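The structure presented is a predicted model; accordingly, all values stated were derived computationally and were not measured. Quick note on labels: first sequence line is chain A, next is B, and so on, each numbered from 1.
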Amino acid sequence: MPELPEVQTVVNQIKSDLLNETVESITPIWPKVFHNFTSEKAKQKIRGGQIIDVSRRAKFIIIRFAESIIAIHLRMTGKLYLLQENQALSKYATAYFTLKNKKKLIFDDVRKFGRIYLYKNIGPIDKRHGPEPLENDFTSESLFKLIKSKKRNIKALLLDQSMIAGLGNIYADESLWKSKIHPNSLSHKVPKKKIENLHKNIKIILTNAIEQNGTTIIDFSVNGESGKYTNELKIYGRHNLECFRCDNPIKKIRVAGRGTYICSKCQKKYK
DNA sequence: AGGCGTTCCTGGGGGC
DNA sequence: TGCCCCCAGGAACGCC
């Protein structure tokens, strides 16, 4: 399930192949994949189609043109990769971009949750997302203020994209475990020291995960190797195995509607 | 305000 | 072996 590190990995993989190339058309295979535009509208808005930049904001891949952007959200099973001219489309391709150099950028998505958006600029996405956890404006103090201002389940808060951008189920569980905070804690009851530690750990975990090309649970990259952070996971997916810190068996519970892995012995519940 | 259920989707796993 | 049911979950939305 692509979260910040996986989306960043995709951007890192495709960026050099796309920069300064020209998009001639964007074609839907499955009709609902375009959230707010049509092929014709895209052609008109991308104005010649030269790609100026490829980047990430939250869990979106942003392809920037002179006067518009295309934003791609992979959701659960989306993949984005380049194909040579004569290579066959995958069975699960839901859309493709045709480049002037005859390569195709494929959006492949088994579960069809992924969507492509067309905007004038990044504004609409910025508006509904919190800070980037790896940017300088995500400080220990800003996280503390945010967490204290809500009386809310801490895991639900970490997953809320309007609070902090980019964390998903895996990295929320990993961050909470490393910080010894039970995911069912109430945000405003978590002590300041623990939040300072959580802030530090979110940065460390995401940075390490990007260095390892993310976590492969569902294989999100086609050309590249699988994400090696899978080997670094300390809690996610380890139910019935022993906690790395205290040997207590890890349990799987449900928090905020998600499968959640916890060590009930060393993750403290603040209520 | 925030929690919770529902929807969108399909492959895969468990149970029988 | 085969079939059915349910589960996985990011985000939006409606309801309480």
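- At the heavy-atom level, A:Arg75 lies under 4.0 Å from base atoms of the strands shown.
- For DNA chain C, the residues of residues 253-264 of chain A within the heavy-atom distance limit of 4.0 Å (strictly under) are A:Arg254, A:Arg258, A:Gly259, sorted by number.
- No contact: A:Asp109 has no heavy atom under 4.0 Å from any strand.
- Look at CG on A:Asn169: it is 13 Å from C1' on C:dA11, rounded to the nearest Å.
- When the side-chain nitrogen and oxygen atoms of A:Arg115 are compared with OP1 and OP2 of C:dA12, none of them lie within a distance under 4.0 Å.
- By the ring-ring contact (aromatic ring centres under 6.0 Å, His included) test, A:Phe65 is found to be paired with no residue, residues two or more places apart in sequence or in another chain being considered.
- With A:Ile202 as reference, A:Leu198 is the one residue of A:Ile205, A:Leu198, A:Ile204 to meet the side-chain contact (heavy atoms from CB on, under 4.5 Å) rule.
- Close to C:dA11, at under 4.0 Å from its OP1 or OP2, lies a side-chain N or O of A:His73.
- With sequence neighbours excluded, no residue forms a salt bridge (charged side-chain N to carboxylate O under 4.0 Å, His left out) with A:Lys43.
- Atom-to-atom, CE of A:Met163 to P of C:dA12 comes out at 13 Å; the value is rounded to the nearest Å.
- In this view, A:Asn153 and A:Lys155, A:Ala156, A:Asn184, A:Val255 satisfy the side-chain contact (heavy atoms from CB on, under 4.5 Å) rule, not counting sequence neighbours.
- Scored by the ring-ring contact (aromatic ring centres under 6.0 Å, His included) test, A:His182 finds no partners at all (sequence neighbours excluded).
- Using a 5.5 Å limit on the distance between ring centres and a 30° limit on the angle between planes, the aromatic ring of A:Phe113 does not count as stacked on the six-membered base ring of C:dA11.
- As a whole-Å value, the separation of A:Ile72 CD1 from C:dA11 P is 15 Å.
- Rounded to a whole Å, the CD atom of A:Gln161 is 9 Å from the P atom of C:dA12.
- When the C1' atoms of four end pairs are superposed on the next four at each end of the helix from B:dG2-C:dC16 to B:dC16-C:dG2, using five pairs per end, the two resulting axes differ in direction by 50°, to 10°.
- Qualifying ring-ring contact (aromatic ring centres under 6.0 Å, His included) partners for A:His239, counting only residues two or more places apart in sequence or in other chains: A:Tyr261.
- Judged by distance alone, the side chain of A:Glu174 and the main-chain N or O of A:Ile235 form a donor-acceptor pair under 3.5 Å.
- Protein chain A touches strand DNA chain B; the 5'-most and 3'-most nucleotides with an atom under 4.0 angstrom of its non-hydrogen atoms are B:dG2 to B:dG11.
- Under the rule for a side-chain hydrogen bond (donor to acceptor under 3.5 Å, both in side chains), A:Ser264 has no partner lying at least two apart in sequence or in another chain.
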Provide a list of protein-nucleic acid N or O atom pairs under 3.5 angstrom, restricted to nucleotides 4-6 of chain C.
none

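- The salt bridge (charged side-chain N to carboxylate O under 4.0 Å, His left out) test applied to A:Arg115 returns no partner, not counting sequence neighbours.
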Which is it for A:Arg57 and A:Asp126 under the salt bridge (Lys or Arg N to Asp or Glu O under 4.0 Å) test, yes or no, and what are the steps along the way? CA-CA 8 Å; A:Arg57 170 71 171 110; A:Asp126 272 340; 2.6 Å; yes
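- Both A:Tyr117 and A:Lys252 lie near DNA chain C, and the one whose nearest nucleotide falls closer to the 5' end is A:Lys252.
- The ring-ring contact (aromatic ring centres under 6.0 Å, His included) check on A:Phe144 picks up nothing, with sequence neighbours excluded.
- A salt bridge links A:Asp53 with A:Lys15: at least one charged nitrogen is closer than 4.0 Å to a carboxylate oxygen.
- Aromatic rings from A:His199 and A:Phe138 are positioned such that their centres are separated by under 6.0 Å.
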Worked check of side chain to side chain contact (heavy atoms under 4.5 Å, CB included) between A:Leu176 and A:Thr260: CA-CA 11 Å; A:Leu176 289 168; A:Thr260 299; over 6 Å; no
